[in-house]
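Shown next, in structure tokens, is the structure this report addresses.
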There are 2 protein chains.
Amino acid sequence: MPAIPSSLLHLKPLFFSLPRFSSPSLALNRARKFPIPTINPRSLSSLSSAAAAAAAAQSTGDNGSGGGRSGALASPPITEELQKIDVNPPKGTRDFPPEEMRLRTWLFHNFREVSRLFGFEEVDFPVLESEALYIRKAGEEIRDQLYCFEDRGNRRVALRPELTPSLARLVIQKGKSVSLPLKWFAVGQCWRYERMTRGRRREHYQWNMDIIGVPEVMAEAELISSIVTFFKRVGITASDVGFKVSSRKVLQEVLRCYSVPESLFSKVCIIIDKIGKIPVDEIKKDLKSAGVSEEAVEELLQVLSIKSLTKLEEILGGAGEAVADLKQLFSLAEKFGYAEWIEFDASIVRGLAYYTGIVFEGFDREGKLRAICGGGRYDRLLSTFGGDDLPACGFGFGDAVIVELLKDRGLLPELSLQIENIVCALDVDLQGAAARVASILREKSQTVDLVLESKPLKWVFKRAARINAHRLILVGNSEWQRGMVVVKILSSGEQYEVKLDELV
Amino acid sequence: MPAIPSSLLHLKPLFFSLPRFSSPSLALNRARKFPIPTINPRSLSSLSSAAAAAAAAQSTGDNGSGGGRSGALASPPITEELQKIDVNPPKGTRDFPPEEMRLRTWLFHNFREVSRLFGFEEVDFPVLESEALYIRKAGEEIRDQLYCFEDRGNRRVALRPELTPSLARLVIQKGKSVSLPLKWFAVGQCWRYERMTRGRRREHYQWNMDIIGVPEVMAEAELISSIVTFFKRVGITASDVGFKVSSRKVLQEVLRCYSVPESLFSKVCIIIDKIGKIPVDEIKKDLKSAGVSEEAVEELLQVLSIKSLTKLEEILGGAGEAVADLKQLFSLAEKFGYAEWIEFDASIVRGLAYYTGIVFEGFDREGKLRAICGGGRYDRLLSTFGGDDLPACGFGFGDAVIVELLKDRGLLPELSLQIENIVCALDVDLQGAAARVASILREKSQTVDLVLESKPLKWVFKRAARINAHRLILVGNSEWQRGMVVVKILSSGEQYEVKLDELV
């Protein structure tokens with residue numbers, strides 16, 4: 001191939017746009033604090049474009065510079081127009097910088113560990129689903145707040161507002177290839193679109209556990225047991241939190257008595273779920289316009305105020321499934337060992353259309369927070385998607401309220417960064433040696449923060465403190481020649497030399 | 001409160017829609033295989049709507065039924081219209097049923113463990129970002145395939161195609177509150193929208209590691225070391241995989257020599273990245289229409305064919321940063337211990353506009369797969385967002401090609417479900433006792449699959465085998481009365497009785 005023309009060594013001035021700094025003084029501060037050889041805003045900001053080009057030409061053409069990274073100008077600027085972007089994540093969403101991520105990792109780890117104790121298998125689904133999966137007509141909040149849009153192929157899609165419909169879809173898809181019961185859990189991000197007036201976020205993570213194929217109340221009892229196990233693991237007791245339990249069959253039996261068509265059932269449940277959130281008069285109005293008679297509305301509201309299973313049995317009789325299911329659940333709660341956590345409350349119906357039996361929600365006993373978690377039985381969901389129904393129940397447990405509760409109770413864990421070793425070369429020529437030391441330690445499963453630049457020891461000690469390093473390993477010239485490094489235990493100040501191949 | 005009218009106990013027939021089964025014969029098969037008391041498609045499918053309503057009334061009204069779950073009709077059907085949904089996830093996306101999820105968990109665990117060995121902290125960002133974050137004009141594939149749309153508030157948003165822009169945004173946002181260098185990693189889902197002609201997916205997960213604040217080549221050397229560490233962990237050797245390394249400064253020095261304006265730099269890189277993917281004649285045409293002279297194009301293509309650093313130094317001279325950086329990287333690779341993994345290849349430029357220095361990609365030596373991972377230095381990205389530039393480098397490592405490679409090499413791990421105990425009551429009245437046993441074991445951190453239904457022992461053994469249980473714990477009447485359970489070690493068949501409080 002032809003040699004590069006000699007003009008390579010005698011570069012002509014050429015046009016290029018100056019790198020821009022939105023605030024030269026800020027850039028200077030940064031440069032003072034962390035000297036960064038390749039980027040020197042001071043020299044840049046004082047140069048005209050032509051002078052900068054000339055300087056670039058000189059710097060690149062200078063044979064004596066020895067390949068040092070002597071000037072920013074040798075780096076090609078990205079040739080886009082400068083655009084001031086919003087440095088915040090989109091409205092209602094979160095970044096997870098390291099400190100937030102440690103908390104999230106801790107929380108998810110507890111979700112996963114509890115699920116595994118209960119023999120559940122983890123699954124996941126796309127965060128983007130077909131909108132059709134969420135089109136239900138019962139007037140749920142979750143439906144109104146669907147984060148939906150049309151994709152570039154003109155398909156109606158939505159960011160999932162919950163995980164259960166995807167799970168149902170996957171169960172239908174798997175068909176007879178899976179052995180029942182399925183015990184599945186998931187930890188996934190869910191989205192909703194609302195006007196952001198209440199300071200609520202548009203995304204949250206949700207832990208779900210679901211049991212598919214078990215019609216018995218043992219399944220609901222097992223699910224509540226797993227949530228109790230989670231609470232205990234993170235230090236929350238039965239005096240902090242309780243579960244309110246009811247069954248949609250209570251409502252169903254009352255509605256049936258007043259000849260309210262079953263086709264109205266989901267809609268009525270959704271309206272009733274708003275009790276306590278909107279005025280009772282509005283609830284009554286909504287129920288009436290849904291087609292429930294005035295007499296039935298009054299009766300309904302009376303029944304919903306019942307807080308005792310004995311009382312409920314007096315009213316409904318002992319023959320129906322509502323009372324039988326609930327009695328069995330309370331009996332099982334004794335055996336599982338969480339009786340003190342649960343109480344009957346007929347007003348609990350939950351805000352999702354598809355529940356058919358027992359429903360429950362976790363609440364803080366001080367009454368300051370929204371529901372911590374909630375779930376129930378949904379034996380009829382699969383057929384609404386055109387599949388064969390299977391008995392099913394599950395719960396959702398968000399990542400927001402639990403963190404508020406833990407904070408309020410002083411139970412948030414201290415989760416600091418902790419890296420076992422910090423390895424540092426005492427001379428720039430020994431950086432390769434330091435890399436060798438880091439590699440040896442990492443091969444022995446030790447975590448290592450390798451100092452990648454030439455830094456004063458004061459800086460290294462400061463960083464060691466910030467990362468909570470246990471040991472500082474210094475690679476110095478005289479020790480290295482003897483195949484040794486200096487190890488300093490940072491908690492005690494103890495310091496000694498170790499042979500490289502004896503480093504553990 | 002007024003008592004519930006007596007009509008509750010003498011229910012009138014009422015209208016409700018029959019639960020529908022898309023395929024009665026399938027439903028019957030399912031019912032035979034897994035008897036589910038509450039759902040009996042056989043009886044349902046043979047009933048007329050009126051008869052079903054009457055049956056429901058009778059079943060609920062029958063005082064003698066003892067609350068048994070004797071009929072599906074007592075459950076309220078969800079009152080939506082039946083809609084046959086597509087049971088597959090949206091085009092180009094994946095579900096993660098348990099077996100797929102185990103592989104994903106294993107892979108992510110390795111990503112995370114390697115990142116921790118290197119002292120990196122995990123971060124995350126919203127999967128939905130403002131579209132502005134990705135608007136670059138260099139003609140990248142990633143830009144053309146942006147999964148973007150308008151949200152309900154008329155904002156232009158996009159599902160993130162990559163993680164680096166979000167990271168840059170967060171770094172600018174954090175400003176001087178963070179100590180440099182930052183060593184951050186993330187494992188997140190990324191999206192692209194393409195026509196799906198090539199059978200490529202629209203989402204994948206990507207492992208990123210980034211170092212912010214280090215101008216020295218030590219940073220790139222450390223990043224490649226971490227990827228090598230990952231490969232070694234999962235059984236991949238230097239004879240399976242290598243890294244091709246170059247620097248964008250090579251191109252820059254050639255372009256400068258031909259007075260190509262620096263404003264064209266990113267665009268030229270993107271065109272050159274297509275070498276090997278589209279015909280060379282098209283590359284030449286694109287370069288010319290971008291404004292590069294014919295002479296320069298020929299020279300460029302010649303330089304790009306160089307595979308030896310010595311040869312490159314002969315052509316470019318030893319003074320420029322391109323050669324110096326690369327020589328330093330190869331020297332550090334020796335010290336880190338991965339010299340046999342990397343080779344110089346001038347044709348590597350990578351397909352992202354923002355790289356400014358060293359670029360690298362991991363490839364399989366058999367040449368069957370797309371790039372396994374890729375990365376490089378991007379010292380100028382922050383200023384394109386209106387922030388102060390900081391030296392930075394990082395890589396992205398997808399979850400797709402690595403799995404193909406592992407499969408091809410027979411290195412995919414066997415990841416079967418494994419639950420330590422399966423606990424089963426021998427009598428329906430002992431289900432509470434079995435729950436007690438399960439709770440005791442779980443408190444001792446033992447994983448337990450509790451049999452939630454009354455099932456024959458044959459079924460229980462089959463399930464025990466499926467979940468790879470180590471022990472079967474049977475709760476039988478005579479043992480329970482003595483405070484004992486039967487433990488059967490499934491591998492040996494050994495069987496013995498244990499006192500409840502001695503169960504470990």
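Proteins come first, then strands; the chains are lettered A, B, ... in the order of their sequence lines, and each starts at number 1.
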Counting heavy-atom pairs closer than 4.5 Å to chain B, which one of [options] comes out on top?
{"options": "D449(A), V448(A), T229(A), D95(A)", "result": "D95(A)"}
{"options": "S130(A), S166(A), G153(A), S331(A)", "result": "G153(A)"}
{"options": "Q189(A), Q431(A), K183(A), R466(A)", "result": "K183(A)"}
{"options": "V87(A), D151(A), L128(A), L159(A)", "result": "V87(A)"}

Flag the one option from [options] with the top tally of heavy-atom pairs under 4.5 Å to chain A.
{"options": "R436(B), R104(B), E122(B)", "answer": "E122(B)"}
{"options": "S439(B), A435(B), P98(B)", "answer": "P98(B)"}
{"options": "E129(B), R169(B), E150(B)", "answer": "R169(B)"}
{"options": "L450(B), L170(B), V127(B), T105(B)", "answer": "L450(B)"}
{"options": "T93(B), I211(B), L417(B), I172(B)", "answer": "L417(B)"}
{"options": "R152(B), R116(B), K335(B)", "answer": "R152(B)"}

Closest non-hydrogen atom pair, [X] against [Y]:
{"X": "P89(A)", "Y": "Q173(B)", "result": "CD-NE2, 3.9 Å"}
{"X": "A219(B)", "Y": "V214(B)", "result": "CB-CG1, 3.9 Å"}
{"X": "A353(A)", "Y": "S266(A)", "result": "O-OG, 3.5 Å"}
{"X": "R463(A)", "Y": "P181(B)", "result": "NH1-O, 3.1 Å"}
{"X": "L452(A)", "Y": "M218(B)", "result": "O-CB, 3.4 Å"}

request  = Measure V323(A) against the heavy atoms of chain B and call it side chain, backbone, both or neither at under 4.5 Å.
outcome  = neither
Toward chain A, the part of [X] with a non-hydrogen atom under 4.5 Å:
{"X": "R94(B)", "result": "backbone"}
{"X": "K327(B)", "result": "neither"}
{"X": "N88(B)", "result": "both"}
{"X": "E121(B)", "result": "side chain"}
{"X": "I467(B)", "result": "neither"}
{"X": "I419(B)", "result": "side chain"}
{"X": "L332(B)", "result": "side chain"}
{"X": "F149(B)", "result": "side chain"}
{"X": "E334(B)", "result": "neither"}

query = Between D389(A) (side chain) and S383(A) (backbone), is there a donor-acceptor pair under 3.5 Å?
reply = yes
query = Can a salt bridge be assigned to the pair R256(B) and E262(B) using a cut-off of 4.0 Å between side-chain N and carboxylate O?
reply = yes
ask   = Do E222(B) and R442(A) meet the salt-bridge criterion of a basic N to acidic O distance under 4.0 Å?
value = yes
inquiry  = A side-chain contact here means heavy atoms from C-beta on lying under 4.5 Å apart; do R380(B) and Y354(B) qualify?
reply    = no
request  = First locate atom NZ of K249(A), then atom CZ of F265(A), and finally report the distance between them rounded to the nearest 0.5 Å.
outcome  = 10.0 Å
inquiry  = Let me confirm one number: the CG-CD distance from L316(A) to E253(A), rounded to the nearest 0.5 Å.
reply    = 5.5 Å
ask   = Sequence neighbours excluded, which residues qualify as ring pair (Phe, Tyr, Trp, His ring centres under 6.0 Å) partners of Y193(A)?
value = Y147(A)
